[in-house]
Amino acid sequence: MAAITVRDLVKRFGDTTVLDGVSLEVPDGAFGVLVGPSGCGKSTLLRLLAGLEEPTAGRILFGERDVTDAEPRDRDIAMVFQSYALYPHLSVEKNLAFGLEIRKVDPDEIRDRVATVGDMLGLTTLLQRMPSELSGGQRQRVAMGRAIVRRPEVFMFDEPLSNLDAALRGQVRVDIRRLHSELQTTSVYVTHDQVEAMTLADVMFVMNEGKIEQAGAPLTIFNRPATRFVAGFLGSPPMSFIDAKIAHSSEGCVARIVAKEDELCLPLDPSVYREALADGQPVVLGLRPHEIRVVDSAAPLRARVLLSEKLGSETHVYASLAGTEITVRVDGELSLQEGQELGLDIEAAAIHLFDPETGKSWW
Amino acid sequence: MVIRSLWILFAVLLAGLTCSAHAEASVEADGRGRPITLWHAYRGAEQQALQNTLSAWKLRQVETLAVPYDAYAAKLAAAIKLGQGPDLFIDAHERLGNYRSRKLVAPVGDALSDPDAFLPQAMAAIRHGGQAYGVPLSQKCVALFFNPTWVKAPPLYLEGLNAALRQPLPTGSFLLAYENGNAYAHAALLHGFGGRFLDDHDGFAFLGPPAESSLIFARDLVTRGEVPENADGALVTTLFRSGKAAFAISGPWLAADLSAAKIPYGISVLPRLKATGQPLRPFLTIEAVMLTPRGAARSEVRALARYLGGRDAAKRRQKLARVDSARRDVVPDEKDHVLRAFRQQAAQAVVMPSSLAMQAVWEPARRALRQVLSARSDAGPALRQAQRRFADVRRPPPAPRSPTPWLLALGGLMLLASWRLYRRARDAEFREAVRRSMPAYAYVIHAVIAIGVLVVLPLLAGALIALYAGQPGEMYFVGAAHFLSLVTARGGDLLGSGSFYVVLFVTVLWTALNLVCHLAIGLSLGVLLARPVLRGRALYRVLLIIPWAVPSYVTALAWKGMFHRQFGAVTGLIHQLNRVFGTEMEPIAWFSRFSTALTANVATNVWLGFPFIMVVTMAALTAVPREVLDAATVDGATRWQRLRRVTLPMIRPTMLPAVLLGAIWTFNMFNVVFLVSGGEPDGQTDILVSEAYRWAFTRGAQYGYAAAYAVLIFFLLAGSTFFAARWRDRASSREAALAGGVS
C-alpha cells in the first residue's frame with residue numbers, strides 16, 4: 001500500500017494540453033475520486049497514473065517511490081475499465097488468473113486466490129463461462145475480481161459503473177465501498193457521476209479543463225464550493241445562479257437583483273459579508289434548490305412558476321425570479337400550476353457568492 | 001408472377017436459339033455462295049504478305065482470321081468439330097499427325113497439281129500413306145549466325161569455333177549461344193552424331209551411343225564455359241544482339257530481329273562434327289495450307305490452296321515477308337545471303353516427324369537433357385529414364401469398359417432418392433413447407449440457374465472426363481481405370497518419380513512452407529503497420545500491397561529471371577558480396593537441386609502471398625479493443641506476451657478463413673510452379689495441378705488422366721476444408737460469439 005502523490009503533471013497531445021500542471025495527493029489506504037465533465041482530463045490522469053501514457057512533465061510517486069518512468073507492470077497496480085476489457089478468448093477463471101500467470105505466481109496459489117476472490121464476488125458458479133456468456137453485471141464483477149486477485153498496491157477504476165443500469169449501479173457502488181473498507185487498498189476512481197463521487201470518495205478532486213478546481217472531503221466541497229464551476233457541477237438539481245450587485249443599507253448588506261420589471265433584495269449573512277465587498281460590486285449569487293423554501297405568496301420574495309417536474313418524493317420547480325430562472329426543490333405533495341406566484345424564503349447563510357470575473361467563491 | 005416472367009424469358013431465349021440455328025442451316029445449304037474462310041497464326045510481315053497474296057485472288061471473297069499461335073490447335077479442333085471451323089488453314093506440318101488422327105484435315109486432292117514443283121523434303125513432310133495432306137508454303141529451320149566483329153569466317157567444324165575467332169573473347173562473353181535445354185535445339189547435335197528421337201515405328205530412339213555422345217558434347221560445351229547454361233530464346237537473342245556471343249544457333253526470327261535493329265551479322269549452314277564427320281542437321285518445319293474435310297469438298301477452296309502454293313504467291317511471300325519458299329522454282333535472290341543460307345540448311349535438315357508419338361518425346365527428352373547439362377546424372381541413366389517416361393506417356397490407354405454397372409448404380413441411387421422424395425412428399429407438413437417457400441425459390445432461381453450453368457455443369461463435365469479415355473472426339477468409357485492407375489502409380493514404383501504420392505507429398509510440403517512464411521511475414525507486417533505511431537504508415541501499406549496487385553505471372557517471370565545462375569540478380573548480389581567482403585561464394589544453380597528450386601518457388605509465392613495475410617491481419621486488428629490490450633499491460637504483460645496471449649488469440653477466428661483460403665490458393669498455385677521452376681529439377685518441384693496440366697497438354701493430351709488428377713485435387717481440398725472447419729468449430733466453441741464478449 002502506498003499514498004499517491006502527483007506533482008505538477010502536464011500532458012500534451014501535439015498542441016492540445018490535456019493536463020495543465022495537476023498536483024494531488026491520495027493518502028495511503030484512502031479512496032480518491034477524480035470527478036469532472038467529459039474531456040476534463042480525468043481519464044488521462046488515471047492512464048498516466050497507471051503508466052499507460054507518459055507525462056510531458058511532472059512526477060508521480062507511489063509512497064516514496066518515483067514511478068514516473070516505470071512500466072505499468074512495475075507499478076503494482078490493478079485497473080477496472082469502463083468496458084471491463086475482459087479477455088474474450090479466456091474463461092472467467094483464466095481471466096482472473098491471467099495477471100498472476102504473467103507474474104509467474106505458483107499455480108497452487110493462483111488456484112487459491114482465484115477461488116477466494118470468486119467466493120468474495122459470487123463468481124464461483126461462473127468460473128468456467130466465457131465472457132460472452134455473462135450479463136453486464138457479471139462481467140463487471142469479473143473485472144473487479146481480476147483487479148482484486150492481484151492484491152496490488154493501488155486500485156484504479158475508470159468509470160466502472162457507467163455501462164450498468166441504474167439499479168445495479170447503486171448496488172455495485174455499495175459493493176465497491178464495502179470491498180474498499182475490507183481491503184483498505186489505496187484507490188483512484190474516475191467518474192463523471194457526482195453521486196458516485198460523493199458516496200465513494202474519502203478525498204475528492206473536481207477537475208475542469210485539465211486542472212483540479214478543488215480537492216478535499218466530498219461534503220466540504222459540496223458545502224463550500226471554491227468556484228462557480230464546482231458549485232454548479234455538484235448537487236442535483238444543480239445550483240441556480242443569479243447576477244446581482246452588492247448594496248449596503250441600514251439593515252446590513254444586501255444583494256440587489258436588478259431586473260427589468262423588478263428589483264429584489266436578498267439579505268446576506270453577516271458571517272459571509274466582507275467589508276471588501278464594495279457598494280455596487282457585481283456578484284453571482286448561488287442558490288441550492290433544496291435551500292429555498294416556499295412560503296405563502298405574500299412573502300416579499302416572489303417568483304413565477306414556469307414548469308414543475310414531479311418525481312414522487314419531491315418536485316423540482318423551475319421558476320422565474322426577477323427574470324432569472326431558478327430551481328426550487330419542494331415536497332412531492334405540493335401541487336403547483338404554471339404561472340402561479342410563489343413566495344420564497346432564502347436564508348442568508350445558504351447564499352453562495354461568486355466573483356463574476358474569475359468564478360471564485362467569495363468565502 | 002416471377003415464375004411466369006421467367007417462363008416468358010425462357011421461351012424468348014428458346015425462340016431466339018431456334019431462329020439462329022435455322023438461319024445457319026440455310027447458309028449451310030447454300031454452301032457454294034459462302035465466302036471462303038482461312039485461318040492462320042501469322043503476325044507482322046507474314047500476315048501482310050498473306051493479305052497481299054489474297055488480294056490478288058479474285059475468284060471468291062476470302063475471310064481470314066488470325067488466331068494467336070498458343071491457342072491455335074485447340075481452337076481449330078473445337079471449331080471444326082462444331083462445324084464452325086475454316087475451310088482451309090495454315091499450320092506447321094508436324095501437327096498433321098494430330099490433325100489426321102482427329103479427322104480435322106482431308107487429303108488436298110487437286111490442290112496439289114504439280115508435286116514435282118516442290119522441294120523433296122517439303123513433299124516428304126506433308127505426305128502420309130501416299131496421300132498429300134497439305135500444300136507446302138515455306139520451310140523453317142535453324143542455322144548458324146555469327147558476329148563479324150569477332151568471327152573471320154564461319155568454320156567448317158563445330159569443334160573449330162574457337163579457331164575462327166579474330167581474337168580471344170573477353171570474359172563474360174560466350175563462344176556460342178543456343179537453347180541448349182531445349183530438345184528441339186538439341187536435335188541438330190543429335191542428328192550430327194547419327195542419332196534420332198523416334199524410330200520408324202514410333203519407338204523411342206533417343207538412346208544408345210549417338211544420343212549419349214550428343215548429350216556429353218552439349219554438357220562439355222557448358223562445362224568449358226563456351227555456351228551459357230539454361231539459355232532460352234530471349235537470352236540467346238539478347239546475348240547475340242549485345243555482342244556477348246560470337247555464334248548463335250537460331251532461326252529466321254533472330255534474322256528478322258537483327259535486321260530490324262540494323263545489327264550486322266553473318267549466317268551460314270551449321271558446321272560439321274569432327275567426331276563423326278557429319279553435319280549438324282536441325283529439325284525442319286514445313287508450313288503448309290491444310291484443308292478441312294468441309295473445305296476439301298469445295299473446288300474453289302482447293303483452287304485457293306493451289307493458288308497459295310503456286311509460284312506467283314510464293315514470290316510475293318519471299319519478297320514481302322522474306323521467308324524461304326518450299327518451291328523448287330522460287331529461289332532466293334543471289335544477294336540475299338540469309339535466305340540462301342536457310343535454303344542450303346533446309347536441304348540438309350531432318351524433317352520433323354509428324355506422328356503423335358513425337359509429342360510424347362519432347363518432355364522426357366528435355367528432362368534428360370537438363371539432367372545431363374546440370375551434371376545431375378550421366379547420359380546413359382538419364383536417357384533410360386527418358387525412355388521409361390516416354391513409355392509411361394505412350395502406355396496403352398485403358399480398355400473400354402461397359403458403363404452398364406455405373407449406370408445401374410446411378411439409376412439405383414436416383415431411384416432411392418426419388419423414393420425418399422416421394423415419401424417426404426406424402427407428408428402434408430412437408431408439402432405445406434414447400435408451398436410456403438415457393439416465393440423464396442422464385443427469388444433465388446436465377447442465381448441457381450446461373451451457378452448451375454456456369455459452375456456446376458462445367459465441374460461435372462470436367463469430372464466426367466475422368467471416366468473416359470481417348471482423344472477428344474473419340475472418347476470412350478473406362479470407368480475408374482484412371483483413378484486405379486493413378487493410385488497405383490501406373491504400375492510403377494509408388495514412391496518413384498512422377499508418382500501421385502510423391503507429387504502429393506511435394507504439394508503438401510509446398511503448401512505448408514508457404515503458409516508458414518505467409519503467416520510469419522504477413523502477421524508481423526500487419527501488426528507493425530497497424531501501430532498508430534508508425535510514421536509514413538499509409539505509404540508502407542501501399543508499397544507492401546503492390547506485390548499483390550501485380551499480375552502473378554509477371555512477378556513469377558521476374559523472380560525466375562532473378563534466380564538465373566549466370567545472369568540473375570541473386571548471382572549479381574553474390575558477386576557484389578564477394579567483392580565487398582572478399583568472400584568466395586559460388587553462384588547458386590537454383591533449379592538444379594530440389595531444395596533450392598523449391599526455395600525459389602516458395603520465395604516467389606511468399607512475395608505474392610504475404611500482402612493478403614497482412615491486409616487481413618490489419619483488418620482483424622481493428623477488432624481488438626485498446627482497453628483489452630491496456631488491461632493486459634496493467635496485468636503486467638510485456639509487448640510480446642500481449643501479442644501472443646491476447647492479440648493473436650483474439651484475431652484467430654478472423655484469420656482462420658483467410659489462412660484456409662490462402663492454403664487452397666497455394667495448393668493450386670499453378671503460375672508460380674509452372675513459370676519459376678517449371679518443375680525443375682526433373683519434375684521434382686511439380687505440384688498436383690502442374691502435373692495434371694502436363695498430362696493434359698504436354699503428354700499426348702491424356703485429358704481423362706488429367707481430369708482424374710483434378711477430381712482427386714478437388715476431393716483432397718474439399719476434404720481438408722471440411723476437416724479444418726470441423727476443427728475450427730471445436731476449437732472455437734469455447735470462444736463462441738467473440739464479438740459479444742468484447743462489447
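If you're wondering where the values come from, they're calculated on a predicted model, not measured in any experiment. Below, chains carry the letters A, B, ... as their sequence lines are ordered, and counting in each starts from 1.
Results of the side chain to side chain donor-acceptor pair (under 3.5 Å) test with B/Asn514 over B/Thr604, B/Asn605, B/Thr666 single out B/Asn605 as the only residue that passes. Applying ring-ring contact (aromatic ring centres under 6.0 Å, His included) to B/Trp665 and the options B/Phe612, B/Trp510, B/Trp548 leaves one that passes, B/Phe612.
Cation-pi geometry between A/Lys11 and A/Phe13 is met: under 6.0 angstrom from the ring centre, within 45 degrees of the axis.
In this structure, A/Arg129 contributes its side chain and A/Val92 its backbone to no donor-acceptor pair below 3.5 Å.
Looking at A/Gln82, the atoms closer than 4.5 Å to chain B (heavy atoms on both sides) sit in the backbone and in the side chain alike. Using a 4.5 Å cut-off between heavy atoms, A/Ile77 touches chain B through backbone and side chain atoms alike. With a 4.5 angstrom heavy-atom cutoff, B/Arg626 touches chain A only via side-chain atoms.
Comparing A/Glu71, A/Met156, A/Glu101 by heavy-atom pairs within less than 4.5 Å of chain B, the highest count is held by A/Glu101. Most heavy-atom pairs under 4.5 Å with chain B: of the set A/Arg103, A/Met79, A/Arg146, this distinction falls to A/Arg103.
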Practice item. Would you check, one step at a time, whether the test salt bridge (Lys or Arg N to Asp or Glu O under 4.0 Å) holds for A/Arg47 with B/Asp630? Key: CA-CA 9 Å; A/Arg47 292 177 62 81; B/Asp630 284 344; 2.6 Å; yes
